[in-house]
Amino acid sequence: MIQKVFNVYFFLFIFVMINREFTPFGIDLRYFCFFIDVILLIYALVSKKKIKINSNVKKITLFYIIILISNIMWLFNSFSINESSFFVIFVSYVFNFMSYIVFVLYSD
């Protein structure tokens, strides 16, 4: 069952990355993809899935951490920022990082 959920998530993730403007019935599919992402992460925690850590996983994780920290640091500078676009970009980075974690967990 979880393999089918992951397959739906994988298809939806690729579709959302290609076509961000597709909103059936006014609902952004990224919200649905995020919901499935959370379900897969919770299932991985409950079933105690192991992450296979190699040098590539470390490098990409470090990359995402640096991106998130640099995005947060914009709040502490003297420039004015557009809060709405800042929030959208930050949520997008978090969603991409969560998706990366799901792909690492379910890579086998």
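- Between Phe103 and Phe10, the ring-plane angle classifies as perpendicular under the 30° and 60° cut-offs.
- Hydrophobic clustering (ILVMFWY, side-chain heavy atoms < 4.5 Å, transitive): Ile72 and Ile65 are in one cluster.
- A 4.5 Å side-chain heavy-atom check between Phe95 and Cys33 finds at least one atom pair inside the cut-off.
- Under a 4.5 Å side-chain heavy-atom criterion applied to ILVMFWY residues, the cluster that includes Ile39 comprises Phe35 as well.
- Pairs of residues two or more places apart, or lying in two chains, that qualify as ring pair (Phe, Tyr, Trp, His ring centres under 6.0 Å) and include a residue from residues 42-70 are Tyr64-Phe97, Tyr64-Tyr100.
- Cluster annotation: Met98 is not connected to Leu45 through the hydrophobic network of ILVMFWY side chains, with a link wherever side-chain heavy atoms come within less than 4.5 Å.
- The hydrophobic clustering, which links ILVMFWY residues whose side-chain heavy atoms are closer than 4.5 Å, places Ile18 and Ile36 together.
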Pair Phe6, Val102 - check side chain to side chain contact (heavy atoms under 4.5 Å, CB included), show working. CA-CA 9 Å; Phe6 178 75; Val102 166; 3.9 Å; yes
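- The two residues Tyr106 and Leu40 make their nearest non-hydrogen contact at OH-O, 2.9 Å.
- When all heavy atoms are compared, the tightest approach of Ser99 to Tyr9 is OG-OH, 2.7 Å.
- Nearest heavy atom pair, residue Leu68 against residue Tyr93, reads CD2-CB, 3.7 Å.
- Under the 4.5 Å side-chain heavy-atom criterion for ILVMFWY residues, no single connected hydrophobic cluster contains both Ile101 and Ile66.
- Using modelled atom types, one side-chain atom of Ser70 and one backbone atom of Ile67 make a donor-acceptor pair closer than 3.5 Å.
- In plain terms, the two heavy atoms of Ala44 and Leu105 that are nearest each other are CB-CD1, 3.6 Å.
- Using a 4.5 Å cut-off between side-chain heavy atoms of Ile, Leu, Val, Met, Phe, Trp and Tyr, with links allowed through other members, Phe90 and Met73 fall into the same hydrophobic cluster.
- Grouped by direct or indirect side-chain proximity (heavy atoms under 4.5 Å, Ile/Leu/Val/Met/Phe/Trp/Tyr only), Tyr31 sits alone.
- Asn7 contributes a side-chain N or O that, together with a main-chain N or O of Gln3, makes up a donor-acceptor pair within less than 3.5 Å.
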